[in-house]
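Data first, discussion second: the structure below is written as structure tokens.
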Amino acid sequence: MSRSALKLRSWPLTILYYLLPFAVLKPLVRVGWRPTSRVALYKTVPTRLLSRAWGRLNQVELPTWLRKPVYSLYIWTFGVNMKEAAVEDLHQYRNLSEFFRRKLKPQARPVCDSHSVISPSDGKILHFGRVKNCEVEQVKGVTYSLESFLGPQTWTENQLQKTSFQDQLVTQDGNELYHCVIYLAPGDYHCFHSPTDWNVHHRRHFPGSLMSVNPGVAKWIKELFCYNERVVLTGGWKHGFFSLTAVGATNVGSIQIYFDRDLQTNSPRYSKGSYNDLSYITNNNQDGIVMRKGDQLGEFNLGSTIVLIFEAPKDFNFNLKPGQKIHFGEAVGSL
């Protein structure tokens, strides 16, 4: 491409290209100008900066008279069921952050006792099934690398002789690796819980982008979950390896893990591709963090995504349908 054509390849023209009829910019195409792809254009949006600004706005205390109309608009827009909230009086929520992180009445989400794995959150099932060829589907037909998503397998040493990253995670002969992706919409209950009885041994925090994880965006950005900031919790359950990953998104820079006060997400500066590790196993605690099915685990500030990746026998069956709405405590699957 000529220098003059390169000079014409600018963001303003690209934006106009996607907003205006093609004929308007057709003369520029004839001299060699090509628009930047929608994906590349979207990746230049300062989503981390916008998310930090949104987070600060959420902390601003609203006047009492303004709370009901603001929250009512949000409830109407995203279909929030306030009858489930522990506090139904909208005037009691001092700011947007408190409203987003509202707790539910104890009886609102009964925990299923008959299945070994339950949904850790409210949301929509994007995909589930067996992990194949070290790749996981974020939505149907769009995959990401298992190793890129979880990072190098350094939390245990006894599996490193295996060649496949997927095989390194499987600790028991005859088992398979499974996954389940749950999307939390802005109107959903924003806390997440333990999906089974397990021990959390390790935390890995990936600083990264905060692009939208809306299913529509996930369809056209391959490995979206590997670009975004995320917190990977790994450990073990009765059938071997178990992990829960909380994936950040636009306006969801804040990922909180209740038992990990050292975790700081959406920092102003980070090194691309870096990650921070923390082991919960110490000389005085060989079990790590013991979690029981349904225990409170953490929360998002707005909507996001939870990804479960776990080992189980071959006869593990999912009790799900793609695209279905699910609530915390409902069955994901069992043996």
Side-chain angles (χ1 to χ4, degrees), residues 101 103-104 106-123 149-151 153-159 168-172 175-180 182 184 189-206 230-247 254-265 275-300 304-313 316 319 326-335:
R101 297 180 290 108
K103 305 299 182 183
L104 299 183
Q107 67 274 19
R109 295 289 185 273
V111 174
C112 177
D113 293 327
S114 60
H115 288 70
S116 55
V117 182
I118 62 168
S119 176
S121 66
D122 288 8
F149 182 67
L150 296 178
Q153 207 277 51
T154 58
W155 49 83
T156 59
E157 298 179 356
N158 60 341
Q159 300 292 311
Q168 291 176 17
L169 299 180
V170 178
T171 62
Q172 300 180 22
N175 280 1
E176 298 280 353
L177 205 62
Y178 299 86
H179 78 284
C180 180
I182 305 170
L184 288 73
Y189 170 54
H190 288 49
C191 298
F192 51 94
H193 299 246
S194 176
T196 192
D197 296 337
W198 65 309
N199 290 27
V200 186
H201 298 155
H202 183 270
R203 180 258 285 167
R204 175 168 287 163
H205 171 219
F206 290 86
R230 59 199 182 277
V231 177
V232 181
L233 300 178
T234 56
W237 70 320
K238 60 183 178 181
H239 299 297
F241 173 79
F242 199 97
S243 72
L244 180 150
T245 301
V247 183
S254 175
I255 303 173
Q256 184 177 353
I257 304 297
Y258 294 143
F259 56 73
D260 191 341
R261 297 193 177 187
D262 294 330
L263 177 64
Q264 298 292 330
T265 57
Y275 58 84
N276 305 305
D277 283 343
L278 176 68
S279 175
Y280 298 123
I281 295 179
T282 64
N283 292 332
N284 298 325
N285 178 15
Q286 294 296 314
D287 295 327
I289 307 298
V290 179
M291 300 297 297
R292 293 291 172 256
K293 185 168 61 175
D295 286 352
Q296 291 188 343
L297 185 54
E299 63 185 43
F300 293 110
S304 197
T305 298
I306 295 282
V307 179
L308 303 179
I309 298 175
F310 57 93
E311 173 186 358
F316 182 89
N319 189 41
I326 197 168
H327 293 108
F328 154 61
E330 294 180 347
V332 165
S334 191
L335 297 171

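Values below: every heavy atom of this structure, side chains too, minus hydrogens, waters and symmetry copies.
Side-chain atoms of Asn199 come within 3.5 Å of backbone atoms of Asp287 as a donor-acceptor pair (strictly under, hydrogens ignored). Under a 3.5 Å cut-off, the side chain of Lys293 and the backbone N or O of His193 do not form any donor-acceptor pair. Counting only distance, with no hydrogens or angles, the side chain of Asp295 and the backbone of Arg292 share a donor-acceptor pair below 3.5 Å. When atom types are taken as modelled, the side chain of Thr196 and the backbone of Trp198 share no donor-acceptor pair closer than 3.5 angstrom.
Side-chain atoms of Asp260 and Tyr280 form a donor-acceptor pair, as typed in the model, at a separation below 3.5 Å. If you check the side chains of Tyr178 and Glu311, you find no donor sitting under 3.5 Å from an acceptor.
In this structure, OH in Tyr189 is found 12.0 Å from CZ in Arg101, a value given to the nearest 0.5 Å. Atom CG of Leu308 sits about 5.5 Å away from atom CD1 of Ile182, to the nearest 0.5 Å. Rounded to the nearest 0.5 angstrom, Cys191 SG and Gln256 CD are separated by 8.5 Å. Going from atom CD1 of Ile281 over to atom CD1 of Ile289 covers 10.0 Å, rounded to the nearest 0.5 Å. Atom CZ of Phe241 sits about 12.5 Å away from atom CG of Asn175, to the nearest 0.5 Å. Taking CG of Asp113 as the start and CD1 of Ile118 as the end, the distance is 9.0 Å to the nearest 0.5 Å.
Gly294 and Val111 make their closest contact through CA-CG2, 4.2 Å (heavy atoms, listed as atom of the first residue, atom of the second, distance). Considering every non-hydrogen atom in both Ser194 and Met291, the closest pair reads OG-CB, 3.6 Å. When every heavy atom of Leu150 is checked against every heavy atom of Ser243, the shortest pair comes out as CD2-OG, 4.4 Å. Here the shortest heavy-atom pairing between Val332 and Ser119 reads CG2-N, 3.3 Å. Looking at every heavy atom in both residues, His201 comes nearest to Gly236 through CE1-N, 4.0 Å. Shown here for His327 and Asp122, the closest heavy-atom pair between the two residues is CA-OD1, 3.3 Å.
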*Stepwise side chain to side chain contact (heavy atoms under 4.5 Å, CB included) check, His239 with Leu335*: CA-CA 11 Å; His239 299 297; Leu335 297 171; 3.0 Å; yes

_One pair to check against side chain to side chain contact (heavy atoms under 4.5 Å, CB included): Trp237 and Val117. What are the steps and the verdict?_
CA-CA 11 Å; Trp237 70 320; Val117 182; 3.8 Å; yes

*asked:* Could you walk me through whether Ile309 and Phe242 satisfy the side chain to side chain contact (heavy atoms under 4.5 Å, CB included) test, starting with their C-alpha distance in whole Å, then the side-chain angles of each, then the deciding distance to 0.1 Å, before giving a yes or no?
replied: CA-CA 6 Å; Ile309 298 175; Phe242 199 97; over 6 Å; no

*asked:* Test side chain to side chain contact (heavy atoms under 4.5 Å, CB included) on Ser116 and Phe316; report intermediate values, then the result.
replied: CA-CA 10 Å; Ser116 55; Phe316 182 89; 4.1 Å; yes

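Look at Asp277 and Arg203 and you find no salt bridge, because none of the NZ, NE, NH1 or NH2 atoms lies under 4.0 Å from a carboxylate O.
The shortest distance between side-chain heavy atoms of Thr265 and His205 falls below 4.5 Å. Val307 has its side chain out of reach of Cys180: every pair of non-hydrogen atoms, C-beta onward, lies at least 4.5 Å apart. Ile257 has its side chain within reach of Val231: a pair of non-hydrogen atoms, C-beta onward, lies under 4.5 Å apart. A 4.5 Å side-chain heavy-atom check between Gln153 and Leu169 finds at least one atom pair inside the cut-off.
By the 6.0 Å and 45° rule, Arg230 stacks over the aromatic ring of Phe206.
With respect to Ile306, the side-chain contact (heavy atoms from CB on, under 4.5 Å) criterion is satisfied by exactly one of Leu184, Leu297, Thr245: Leu184.
The distance between the ring centers of Phe192 and Phe300 falls below 6.0 angstrom.
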